[in-house]
2 protein chains.
Amino acid sequence: MMKLLSAQASPYGRKVKITAALKGVADQIETKAVDTLPLVNEELRRENPLSKIPVLILEDGTQIFDSHVICEYLDSLTPEPRLFPPSGPERFRTLTLAALADGILDAALLLVYEKRFRPEDKWVDTWMQRQQLKIDTALDWLEKAPPEMGAHPDYGHVTLACALGYLDFRHGGVWRATHPKLVAWLDAFDKAVPAFAESRPN
Amino acid sequence: MMKLLSAQASPYGRKVKITAALKGVADQIETKAVDTLPLVNEELRRENPLSKIPVLILEDGTQIFDSHVICEYLDSLTPEPRLFPPSGPERFRTLTLAALADGILDAALLLVYEKRFRPEDKWVDTWMQRQQLKIDTALDWLEKAPPEMGAHPDYGHVTLACALGYLDFRHGGVWRATHPKLVAWLDAFDKAVPAFAESRPN
């Protein structure tokens with residue numbers, strides 16, 4: 001049995017859960033919820049010195065992180081559906097889309113952390129504006145041409161869905177009003193991938 | 001000719017430069033320095049909506065990011081030396097090492113950004129402590145068993161070298177006093193990879 005250290009609300013952990021479901025290996029993974037709020041969580045820090053989730057721990061104790069690496073590992077366990085195109089332009093299109101979606105997530109997380117880890121008199125508007133602009137610009141870019149899903153979603157699509165899901169969860173879904181094509185895209189993903197609804201944070 | 005948007009001091013850009021040199025494709029890349037300090041740099045934002053460097057632009061205009069994806073792309077251009085093991089435990093060992101080193105970099109950058117993007121009265125000690133602890137814990141973990149270099153460095157080694165180089169550049173090299181094995185490791189990398197010295201920020 002593999003072990004996944006994660007948290008119910010983690011969008012990066014959600015990427016892994018959806019990937020595991022798509023690959024048919026979810027029943028080989030036991031998920032352990034860890035709390036990343038304290039400065040030190042000894043259990044997490046022992047498995048990933050960065051104290052970041054998710055971490056996948058193999059049966060032999062090997063730790064695998066971050067979410068990108070875990071998803072690629074899970075993709076290697078079963079042949080179909082292939083979530084990481086093996087080579088060529090499709091591979092780098094998928095990986096760049098995932099990096100873009102991870103970048104949306106990173107900025108959205110920093111906005112949450114601003115309020116979680118700082119008293120209100122230490123918030124800095126220009127810093128938050130900087131993060132918000134990354135999110136908005138990335139969404140506008142994606143709205144122009146939402147990625148095509150093909151026969152099945154790939155790792156880039158999974159990451160984008162988790163990024164949009166996180167904007168719904170922590171940022172009130174305000175992106176929806178101005179990005180109708182992305183809303184339709186996420187609806188289609190939701191219908192195609194039951195694990196998306198099953199892993200929805202609350 | 002490919003184009004690389006980066007900055008002389010960027011540790012993520014340095015990863016790409018070293019990878020290009022190791023793969024023998026540096027002369028196929030023209031590097032363009034971009035300034036990431038302003039809220040908006042239109043040239044950068046057009047190529048990567050996250051406004052992050054590095055970005056690799058192919059001859060046909062395709063953008064590739066982040067540094068992980070760019071390095072893997074460059075690795076695919078020539079057969080030897082192989083910086084990303086194609087599969088198996090070695091691949092995920094290399095990728096997890098790189099994720100660990102990128103995590104050191106991310107935390108070290110957030111420490112720099114605290115002072116670059118906030119006035120002094122908005123600095124938060126507990127936030128900086130949180131980032132510093134990630135760096136220190138990761139370095140202690142690596143010090144216990146520095147990664148073996150094998151016949152040639154791989155992508156994990158390149159990333160670790162750039163992380164340690166960044167701690168030298170922006171954080172006064174204080175890590176050196178308490179991590180003698182990592183110091184020796186970096187010396188060996190420096191000797192084996194001329195592009196490391198050639199890409200040193202100043």
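Naming convention: chains lettered A, B, ... in sequence-line order (proteins, then strands); numbering from 1 in each chain.
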Seminar exercise, completed: Here the gap from B/Arg45 atom CZ to A/Asp140 atom CG, rounded to the nearest 0.5 Å, amounts to 8.5 Å
Exercise. With respect to chain B, which residue among A/Leu50, A/Leu95, A/Asn48 yields the maximal number of heavy-atom pairs within a distance under 4.5 Å?
Worked result: A/Leu50
Problem set entry | Side chain, backbone, both or neither of B/Asp106 within contact of chain A (heavy atoms, under 4.5 Å) | side chain
Seminar exercise, completed: Of the listed B/Thr62, B/Asp102, B/Leu133, B/Ile70, the one with the largest count of heavy-atom pairs under 4.5 Å with chain A is B/Leu133
Exercise. With a cut-off of 6.0 Å (strictly less than), are more than 12 heavy atoms of other residues, nucleotides or ligands near CD of B/Glu42?
Worked result: yes
Exercise. In Å, rounded to the nearest 0.5 Å, how long is the span from CZ of B/Phe65 to CG of A/Leu97?
Worked result: 8.5 Å
For this session: Side chain from CB out, backbone as N, CA, C, O: work out which of these in A/Gln63 comes under 4.5 Å of a heavy atom of chain B, or both, or neither.
Result: both
For this session: Check each atom of A/Ile135 against the heavy atoms of chain B and say whether the ones under 4.5 Å are side chain, backbone, both or neither.
Result: neither
Exercise. Quick one: what part of B/Leu139 sits under 4.5 Å from any heavy atom of chain A, side chain, backbone, both or neither?
Worked result: neither
For this session: Can you measure from CG (A/Leu58) to CZ (B/Phe92) and round to the nearest 0.5 angstrom?
Result: 9.5 Å
For this session: Considering only heavy atoms and a distance below 4.5 Å, find which of B/Lys134, B/Lys122, B/Arg118 pairs most often with chain A.
Result: B/Arg118
For this session: Kindly give the heavy-atom pair with the smallest separation between B/Thr126 and A/Phe117, and that separation in Å.
Result: OG1-O, 4.3 Å
Exercise. What part of B/Arg91 gets closer than 4.5 Å to chain A, counting heavy atoms only: side chain, backbone, both or neither?
Worked result: side chain
Problem set entry | Structural part of A/Ser76 lying under 4.5 Å from a heavy atom of chain B | side chain
Problem set entry | Region of A/Arg116 that comes under 4.5 Å of a non-hydrogen atom in chain B | neither
Exercise. What's the shortest heavy-atom distance between A/Pro119 and B/Val124, and which atoms?
Worked result: CD-CG2, 4.4 Å
For this session: Of all the heavy-atom pairs spanning A/Leu37 and B/Arg130, show the shortest one and how long it is.
Result: O-NH2, 2.5 Å
Problem set entry | chain A contact via B/Glu72 - side chain, backbone, both or neither, heavy atoms under 4.5 Å | both
Problem set entry | Max heavy-atom pair count under 4.5 Å with chain B, selected residue of A/Asp136, A/Leu100, A/Ile64 | A/Leu100
Exercise. Between A/Gly103, A/Ala107, A/Ala98, which residue shows the highest count of heavy-atom pairs closer than 4.5 Å to chain B?
Worked result: A/Gly103
Problem set entry | Exceeds 12 heavy-atom contacts within 6.0 angstrom, atom CG of B/Asp125 | no
